[in-house]
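Below you'll find the structure, written out as structure tokens, and then a few comments.
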Amino acid sequence: MSRRTVAPLARGVWLLVLLTAPACALAIRAQCVDSSQVIDFKVRSVKFRSLFGSTPKRLRQTLEAHRGEPYSSDRASAYINEIVNYRTGDPVQQKYESLIANKLKLSVKGGKTELECVRVVDPAECAKAFPGSTQCVDVTIRRYFVELDVLDSSPQLLPLPRSTLTALYAAIPRPLLALNPWIGAAQDSRFGLSAGVDTVTDLLDLHSLFAEPAPAAPPSPGQGAVAPPASPTPAAAADDDLVVTVTPGGGTGCCPDEEPPASANANDTKLLLRMTGQKSLSKDFYETSTGLTLERTKPLDVFQNLALEAKFVARHLPRGEGDLLTNGAALGFATDLRLKDGPFKLLNVGGKYRWSRNRFFGAAVAAPGEVGSESGFEARVVADGNIAQGLTRAALWFDGGSLDHGGSYRRFAALVGYGKEFALPRKKELRKISPPSLGGRECWTSLPEDSEKNQPTVGVELLAGAGRAWGDEPEYARFYGGSPPGQFLYDELSAQTLTDFPAGPVIRSLGRGQAGVASGGVTRGANSYWHANLNVSIPVRAWSSPLIPHEWVTLSAPRPEEAELSARIPAGGMVCRDLKATLKTLVRVSGVNLLVSQQARDLLTDDQKRDLRLTNKPNRTPDEDARLAAAQQEFARGKERVKPEIDDLFAREILPITDFIADHANLISVKPLLMFDAARTALTGGRGGRTRYGVGGGLQVNVVLARFEFGYIAGINRAPGDVGGHFVGRLIMRRFF
């Protein structure tokens, strides 16, 4: 391998190390001790572990007030209560949670706040903090938290979860909240080492985002820090902070029959400023796009949204042995249709008019090159679905262009992808245990003893595509294949990799835009192509850490759907419930009921919504009682109307995703990766056609917000001029919120 190839790959590896080091450090728990071992030690610090490690000033001051107090096992409950009260009562936190949720189609989330670690501080450090004392502790509180945009299914099935840490928005820079970036990096022999960014900002939210909310009301006299309970809270009852929130609509809560709040509905209209860019760090290639999108959203309607977009693009891309430079503008539309029946759940339909100025220079065209402008129309249909519990995506593109110097051309392309994690079953045997975290009480479980790790899964991804061009297509509009710029199965529907016409077949043994057809001693673009690609990721149990940890949080009697379990345990026996099972149950019960309540409330008139607010009004008049009763009756009818549809929505779309996240998603995982490609490019009539093959392997690393893939693919049955193989590397970071 040449030194030029090693250098960018080494930089990518170091970047991966920098990303993984904090996660690995947080996983080290060797210094944590049981609270009973440090009774009356002085508290040096109380910290709350949150996303980006930042704590708002108000909460930080509350926690710092405990410095110097004696520690006892019940103090953790007081710290947890203070954090929970801050999350649910701070106006800044509430405002930004509402704004972030409004960017999602349908958000379902659940969390649990608990004591993470009590660490004994070195005696010398204690003496510095508290002269005359050598015994002190640092206390860390954490909150497990999972949020899913359940109607945007494709990114959720990617084993690339957001952090399980809660975001405390008051401590996060406002520009980061406004831009909500996607960040990526890639290594490609033709394009070079590159970095990319994709930001999206709702301009209608900017004022609310940067404006300061009204300050929280000061505590009443005597209401300082939350007092500890009179006696330690039983561990089995520690699920008080497990909640489910369903948005849009603002409904939150933990109780199955909770009515939705009277706050205004989420804003259905958005004006999105989207800026994307990818720049090679070692070559002149780049790709940028800036656009405005006016979008109207109704997440649970048949037409989920309607978007009108205007954008400007500028590109310098490789095409075979030449370079393509493009400046252009486009005006288009897109809409998402939610389908109730069939294997596909979401249909994205879009089209646009484009104008571009193109300059193509290379050995495949006569000097001084191919220069001109064109106008044309494009159309696309992208379908997302779930077949056999595997993510399925299919897409069709069509476009046609008219050249300024005469002539026209048309192109058609299709691509189908399928991805699934095949779980490797582990033996389950019913047994009785007495977990210390549940106070030593006896309960039954069928989970295996080694449940600290997730059930391992073998990941399989398949792609198959084809394309055809006919007419007077210019050289730059022909097909050049190679390593893809994105990930078809997992990219957002609004991503440029899906909205733009495919450049050519996926063949990863070559760099971006290198796979053409050898003709007359030069590489030319193809008129037709097909390709098939396979990825298989193999689990290594020791190289993974679960997103939702296996921790016992409560116990309960067998549920009605657990008839088989009820028959096997003694009468009166209790079932152990871990955090995974509890979160899934909350989504099944509270999530359904909350969404039913929200949708039923949307059916009410404004007067009926106002009448519902009379529920908690003291000393109601007879007229108010009558209005409240009428509104409640209409609200109940609305629940009966919408519940079958909501039950079906959860059964088909939400529960499979949340179950997968709870049972299989990892906070960090390292998997060996096997890769195989086959692709054929040809000129009109099949001239110069050759089927290329690529075989290779590498590693797939998932760390919190990032996925890193690295590998080498050897070229087999190469065309003249093809390289022997290709190192591929890709770092992808999901949007932060």
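All values below come from the heavy atoms of this structure, side chains included, with hydrogens, waters and symmetry mates left out.
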Candidate pair Phe710 and Val701, rule side-chain contact (heavy atoms from CB on, under 4.5 Å), full reasoning:
CA-CA 9 Å; Phe710 170 79; Val701 183; over 6 Å; no
**OP:** Go through Phe488 and Leu498 one step at a time and tell me if the side-chain contact (heavy atoms from CB on, under 4.5 Å) criterion holds.
**Re:** CA-CA 7 Å; Phe488 172 71; Leu498 288 180; 3.5 Å; yes
* To do: Could you walk me through whether Glu309 and Thr499 pass the side-chain contact (heavy atoms from CB on, under 4.5 Å) test, one step at a time?
  => CA-CA 12 Å; Glu309 180 186 46; Thr499 59; 5.9 Å; no
Exercise. Output, in order, the C-alpha distance, side-chain angles, deciding distance and verdict of salt bridge (Lys or Arg N to Asp or Glu O under 4.0 Å) for Arg690 and Asp722.
Key: CA-CA 12 Å; Arg690 178 184 290 267; Asp722 286 358; over 6 Å; no
Check the pair Thr392 / Phe344 against side-chain contact (heavy atoms from CB on, under 4.5 Å), numbers first and verdict last. CA-CA 8 Å; Thr392 306; Phe344 291 101; 3.9 Å; yes
- Under the salt bridge (Lys or Arg N to Asp or Glu O under 4.0 Å) criterion, do Arg478 and Glu370 qualify, and how do the steps go? CA-CA 13 Å; Arg478 294 188 176 188; Glu370 205 168 58; over 6 Å; no
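For Val723 against Arg718, the heavy-atom pair with the smallest separation is O-CD, 2.9 Å. Residues His531 and Asn533 approach most closely at ND1-OD1, 2.7 Å, considering heavy atoms. For Ala186 against Gln278, the heavy-atom pair with the smallest separation is CB-NE2, 4.5 Å. Considering every non-hydrogen atom in both Leu325 and Phe361, the closest pair reads CD1-CD1, 4.5 Å. Gln496 and Ser289 get closest at one heavy-atom pair: OE1-CB, 3.0 Å. Nearest heavy atom pair, residue Ala310 against residue Leu331, reads CB-CD1, 3.9 Å.
Here the straight-line distance linking atom OG1 of Thr269 with atom CZ of Arg296 works out to 3.5 Å at 0.5 Å rounding. Note that OG of Ser375 is 4.0 Å distant from OH of Tyr353, once rounded to the nearest 0.5 Å. Between atom OG of residue Ser402 and atom CH2 of residue Trp355 there is a gap of 14.0 Å, rounded to the nearest 0.5 Å. One finds the CG atom of Asn535 at 6.5 Å from the CE atom of Met675 (value rounded to the nearest 0.5 Å). One distance of note links CZ of Phe479 with CG of Asn527; it measures 8.0 Å at 0.5 Å rounding. Once rounded to the nearest 0.5 Å, the distance linking CG of Leu203 with CG of Leu272 reads 7.5 Å.
Between Asp500 and Lys352 there is a salt bridge, since at least one side-chain N of the basic residue sits less than 4.0 Å from a carboxylate O of the acidic one. Salt bridge Asp202/Lys270: absent, no basic N to carboxylate O contact under 4.0 Å. Ion pairing between Glu709 and Arg508 fails under the 4.0 Å rule for side-chain N and carboxylate O.
Within the 3.5 Å criterion, the main-chain N or O of Ser483 finds no donor-acceptor partner in the side chain of Asp188. Arg190 contributes a side-chain N or O that, together with a main-chain N or O of Gly320, makes up a donor-acceptor pair within less than 3.5 Å. For Arg512 (side chain) and Pro485 (main-chain N/O), no donor-acceptor pair under 3.5 Å exists by modelled atom type. With Thr335 contributing its side chain and Asn305 its backbone, the two residues share a donor-acceptor pair below 3.5 Å. Side chain of His726 to backbone of Ser189: a donor-acceptor contact under 3.5 angstrom is found. Side chain of Tyr418 to main chain of Ile387: a donor-acceptor pair is present (N/O by atom type, distance under 3.5 Å, no hydrogens or angles). Not one N or O on the side chain of Asn348 forms a donor-acceptor pair closer than 3.5 Å with the backbone of Val382.
Side-chain contact between Val460 and Phe422 is present, with heavy atoms from C-beta onward closer than 4.5 Å. Counting heavy atoms from C-beta on, the side chains of Arg338 and Leu346 come closer than 4.5 Å. Looking at Glu378 and Trp397, their side chains never come closer than 4.5 Å, going by heavy atoms from C-beta outward. Contact check for Asn358 versus Pro474: no side-chain heavy atoms found under the 4.5 Å cut-off. Side-chain contact between Arg357 and Asp404 is present, with at least one heavy-atom pair separated by less than 4.5 Å. Residues Ser509 and Asp677 have side chains not in contact (no heavy-atom distance under 4.5 Å, counting atoms from C-beta outward). Between Tyr409 and Glu374, some side-chain heavy-atom pair lies under the 4.5 Å cut-off. Within the 4.5 Å cutoff, side-chain heavy atoms of Leu292 are placed close to those of Leu273.
A donor atom on one side chain and an acceptor atom on the other are found under 3.5 Å apart for Arg274 and Ser494. In the model, Gln487 has no side-chain atom that pairs as donor or acceptor with a side-chain atom of Glu461 under 3.5 Å. A donor and an acceptor atom, one from each side chain of Tyr480 and Glu475, are located under 3.5 Å apart.
Taking the centre of each ring, Phe727 and Tyr712 come in below the 6.0 Å mark.
Cation-pi check for Arg319 over Phe360 is not met; the charged atom does not lie both under 6.0 angstrom from the ring centroid and within 45 degrees of its normal.
The 12-atom threshold is exceeded at CH2 of Trp470, counting heavy atoms of other residues, nucleotides or ligands nearer than 6.0 Å.
Between His316 and the options Asp284, Thr288, Asp323, a side chain to side chain donor-acceptor pair (under 3.5 Å) holds for only Asp323.
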